[in-house]
K.L.:
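Supplied in structure tokens, the structure appears directly below.
We count residues from 1, following the sequence as given. Everything quoted here is computed from the prediction, not taken from an experiment. Order of appearance sets the numbers: ligands from 1, and atoms from 1 within every ligand.
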Amino acid sequence: MTSPLAGTVALVTGASSGIGYATARALAAQGASVVLVARRQDRLDALAAKIQAVGGSALTVLADITDRAQSEAAVQAAVVRFGRLDILVNNAGLMLLGPIVGADPEEWERMIAINQKGLLYMTNAALPHLLAAAEDGPRRVADIVNISSIAGRVAWANYGVYNMTKFGVNGFTESLRQEITKKHVRVGVLEPGGVDTELGSHNSGMMRDSIDAFYESTEVLQAEDIADGVVYMVSRPRHAAISELWIMPTDQA
Ligand code: NDP
């Protein structure tokens, strides 16, 4: 049987850990050639070796997506290596929690730079190739999956700027979907609840304590659960687009 994504090329940002890592593996298992983008080369190399060991095809690209030139170079590297791009998973992200009152605006800038600007730079660089894949690629459809969050649907105290970045991702996704869906580039948003990854580890003090308490008291999702969702979204028949997918731990109210 042919793998559903055989012949396709998928680029995943933030592939060095957590959801991006699991998603890249899952897409490769479905037959996609995967382009692994992040800043930690050792992690990317280890993942590429795992994928190649089971017959998959992977390219690692070291890039800080907050830098527009590096984002553009990452997409270019994918196209030079594999000749095309069918799927973009905008996954890289950062969550720094805390009150707005007395906050360090440098933390806000870092979140906006990764969660929003990086996603925009990658999308902008990828779009010409995705439009081309939708027009004359083997599937005649292409995909952008933006990893947002439950924090893109619901706001909580101490999540202010993270909420802002993810609400923004949801709005941008829907706008772009309407702009290009008739060209058969599907643009969808996936909103996870709590997932067991490194995301909370960049926090400290009381916020870190409250994140740790949540993870200790909740049976959270695994990164593979979200990877399953991405695979589902990008492997629908050409006429069916999953515009929004909200995946929660059963244990999280
Ligand atoms: P991780 O911290 O495990 O992964 C984040 C990834 O982003 C890493 O691979 C990191 O790689 C990459 N990254 C960070 N900054 C940059 C940058 N400037 N340039 C390139 N890559 C970068 O967290 P998750 O897997 O949980 O996060 C993935 C996405 O899922 C995020 O968008 C997050 O907001 C979202 N999400 C996560 C939830 C959770 O509970 N875990 C819930 C809802 C949404 P490196 O450091 O090597 O660059």
K.L.:
Which of the atoms in ligand 1, numbered in the order shown and given with their element, are less than 4.0 Å from a heavy-atom of I147?
P.N.:
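Listed by number with element: 29 (C), 30 (O), 32 (O), 35 (C).
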K.L.:
Between E198 and R43, is there a side-chain N and carboxylate O pair less than 4.0 Å apart?
P.N.:
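Here E198 pairs with R43 in a salt bridge, since their nearest N and O are under 4.0 Å apart.
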K.L.:
Any non-hydrogen atom of Q70 lying under 4.0 Å from ligand 1?
P.N.:
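Per 4.0 Å heavy-atom rule, Q70 does not contact ligand 1.
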K.L.:
So, are D143 and R139 salt-bridged, with charged N and O less than 4.0 Å apart?
P.N.:
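Salt bridge: yes.
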K.L.:
Should one rank G93, S71, S148 by closest heavy-atom distance to atom 35 (C) of ligand 1, which comes out on top?
P.N.:
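Looking at heavy atoms only, the winner is S148.
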K.L.:
Spell out, yes or no, whether L130 and M122 are grouped together once hydrophobic residues are joined by side-chain heavy atoms under 4.5 Å, including indirect joins.
P.N.:
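L130 and M122: one cluster.
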K.L.:
Taking only non-hydrogen atoms of G118, do any sit less than 4.0 angstrom from ligand 1?
P.N.:
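The answer is no, since G118 has no heavy atom less than 4.0 Å from ligand 1.
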K.L.:
Could you check if a side-chain atom of S149 sits within less than 4.5 angstrom of a side-chain atom of E191, using non-hydrogen atoms only?
P.N.:
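S149 vs E191: side chains apart.
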K.L.:
Give yes if a backbone or side-chain nitrogen or oxygen of T66 is under 3.5 Å from a nitrogen or oxygen of ligand 1, and no if not.
P.N.:
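In this structure, T66 places no N or O atom under 3.5 Å from an N or O of ligand 1.
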K.L.:
Kindly determine whether N115 and T165 satisfy side-chain hydrogen bond (donor to acceptor under 3.5 Å, both in side chains), including the steps that lead there.
P.N.:
CA-CA 6 Å; N115 300 359; T165 63; 3.1 Å; yes
K.L.:
Considering heavy atoms of the protein only, find what lies nearest to atom 41 (N) of ligand 1 and give residue, atom and distance to 0.1 Å.
P.N.:
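Ranking protein heavy atoms by distance from atom 41 (N) of ligand 1, first comes T197 OG1, 3.0 Å.
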K.L.:
Test your reading of the structure: does G14 have an N or O sitting under 3.5 Å from an N or O of ligand 1?
P.N.:
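Checking ligand 1 against G14, an N or O pair does fall under 3.5 Å apart.
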K.L.:
Could you go through R153 and E244, starting from their C-alpha distance and side-chain angles, then the distance that decides it, and tell me whether this counts as salt bridge (charged side-chain N to carboxylate O under 4.0 Å, His left out)?
P.N.:
CA-CA 11 Å; R153 305 170 55 98; E244 183 174 19; 3.0 Å; yes
K.L.:
State, to 0.1 Å, how close V195 and I226 come at their nearest heavy-atom pair, and which atoms those are.
P.N.:
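Looking at all heavy atoms of both residues, the closest pair is CG2-CG1, 3.9 Å.
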K.L.:
Which residue owns the protein heavy atom closest to atom 31 (C) of ligand 1, what's the atom, and how far is it?
P.N.:
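Scanning the protein heavy atoms, the shortest distance from atom 31 (C) of ligand 1 goes to N91 O, 3.2 Å.
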K.L.:
Of all the non-hydrogen atoms in the protein, which one sits nearest to atom 43 (C) of ligand 1, and at what distance?
P.N.:
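Checking every protein heavy atom, the shortest distance to atom 43 (C) of ligand 1 gives P192 O, 3.2 Å.
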K.L.:
With heavy atoms only and a cut-off of under 4.0 Å, state how E191 meets ligand 1: side chain, backbone, both or neither.
P.N.:
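Near ligand 1, E191 shows nothing, with every heavy atom at 4.0 Å or more.
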K.L.:
Given G193, G194, A24, which has its nearest heavy atom closest to atom 42 (C) of ligand 1?
P.N.:
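Looking at heavy atoms only, the winner is G193.
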K.L.:
Taking heavy atoms and a distance under 4.0 Å, where does A63 meet ligand 1: side chain, backbone, both or neither?
P.N.:
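Near ligand 1, A63 shows its backbone, while the atoms from C-beta on stay back.
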K.L.:
May I ask you to establish whether R25 and Y21 are in a cation-pi arrangement, using a distance under 6.0 Å from NZ or CZ to the six-membered ring centre and at most 45° from the ring axis?
P.N.:
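Verdict for Y21: no cation-pi partner in R25.
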K.L.:
Should L11 and L85 be marked as a side chain to side chain contact (heavy atoms under 4.5 Å, CB included) after you check the CA-CA gap, both sets of side-chain angles, and the distance that decides it?
P.N.:
CA-CA 8 Å; L11 187 155; L85 184 62; 3.9 Å; yes
K.L.:
How about L176 and T123: do any of their side-chain heavy atoms sit closer than 4.5 Å?
P.N.:
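They are in contact (side-chain heavy atoms under 4.5 Å apart), so the answer is yes.
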K.L.:
Between R238 and H184, do the side chains contain a donor N or O and an acceptor N or O under 3.5 Å apart?
P.N.:
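Present: a donor and an acceptor within the cut-off.
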K.L.:
Looking only at distances, please establish whether an N/O atom of ligand 1 is found under 3.5 Å from an N/O atom of V195.
P.N.:
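By distance alone, the answer is yes.
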K.L.:
Between M111 and I114, is there a shared hydrophobic cluster once you connect ILVMFWY residues whose side-chain heavy atoms come closer than 4.5 Å?
P.N.:
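Linked within one cluster.
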K.L.:
Say whether T13 and ligand 1 are in contact under the criterion: heavy-atom distance to a ligand atom below 4.0 Å.
P.N.:
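Checking ligand 1 against T13, which is what was asked, there is no heavy-atom contact under 4.0 Å.
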K.L.:
Consider every N or O of I19 and every N or O of ligand 1, then say whether any pair is closer than 3.5 Å.
P.N.:
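Right, the criterion is met.
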K.L.:
For Y215, is the nearest heavy atom under 4.0 Å from an atom of ligand 1?
P.N.:
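Yes, Y215 has a heavy atom closer than 4.0 Å to ligand 1.
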K.L.:
Regarding ligand 1, does R39 bring an N or O atom to under 3.5 Å of one of the ligand's N or O atoms?
P.N.:
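Yes, R39 has an N/O under 3.5 Å of an N/O on ligand 1.
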K.L.:
Check each of G18, A92, S149 against atom 7 (O) of ligand 1 and report the one with the nearest heavy atom.
P.N.:
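Closest candidate by heavy-atom distance is A92.
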K.L.:
Can you tell me the protein heavy atom closest to atom 38 (C) of ligand 1 and the distance?
P.N.:
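Here the closest protein heavy atom is L199 CD2, 3.7 Å.
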K.L.:
Quick one: nearest non-hydrogen protein atom to atom 10 (C) of ligand 1, plus distance?
P.N.:
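Going atom by atom, the protein heavy atom closest to atom 10 (C) of ligand 1 ends up being S16 OG, 3.8 Å.
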K.L.:
At what distance is the nearest protein heavy atom to atom 3 (O) of ligand 1, and which residue and atom is it?
P.N.:
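So the nearest neighbour among protein heavy atoms is S17 OG, 2.8 Å.
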K.L.:
Under 4.0 Å, counting heavy atoms only: does A113 come that close to any atom of ligand 1?
P.N.:
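False for this residue.
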K.L.:
Taking both backbone and side-chain atoms of I65, is any N or O found less than 3.5 Å from an N or O belonging to ligand 1?
P.N.:
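N/O-N/O distance below 3.5 Å exists for this pair.
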K.L.:
Considering only heavy atoms from C-beta outward, does the side chain of V89 approach that of T13 to under 4.5 Å?
P.N.:
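No, too far: nothing below the 4.5 Å cut-off.
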K.L.:
Is ligand 1 less than 4.0 angstrom away from at least one heavy atom of Y21?
P.N.:
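The answer is no: ligand 1 sits nowhere under 4.0 Å from a heavy atom of Y21.
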K.L.:
Going by the closest heavy atom to atom 18 (N) of ligand 1, which one wins out of V12, D64, T165?
P.N.:
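The option holding the nearest heavy atom is D64.
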K.L.:
Taking only heavy atoms of Y162 into account, list the atoms of ligand 1 that are under 4.0 Å away from them.
P.N.:
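Reading through ligand 1 atom by atom, the close ones are 33 (C), 34 (O), 36 (N), 44 (C).
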K.L.:
Can you find a pair of side-chain heavy atoms, one from Q178 and one from V187, that are under 4.5 Å apart?
P.N.:
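Not touching, per the 4.5 Å side-chain cut-off.
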K.L.:
Quick one: do R110 and E107 satisfy salt bridge (charged side-chain N to carboxylate O under 4.0 Å, His left out)? Show the steps, please.
P.N.:
CA-CA 5 Å; R110 284 174 61 202; E107 294 196 345; 5.4 Å; no
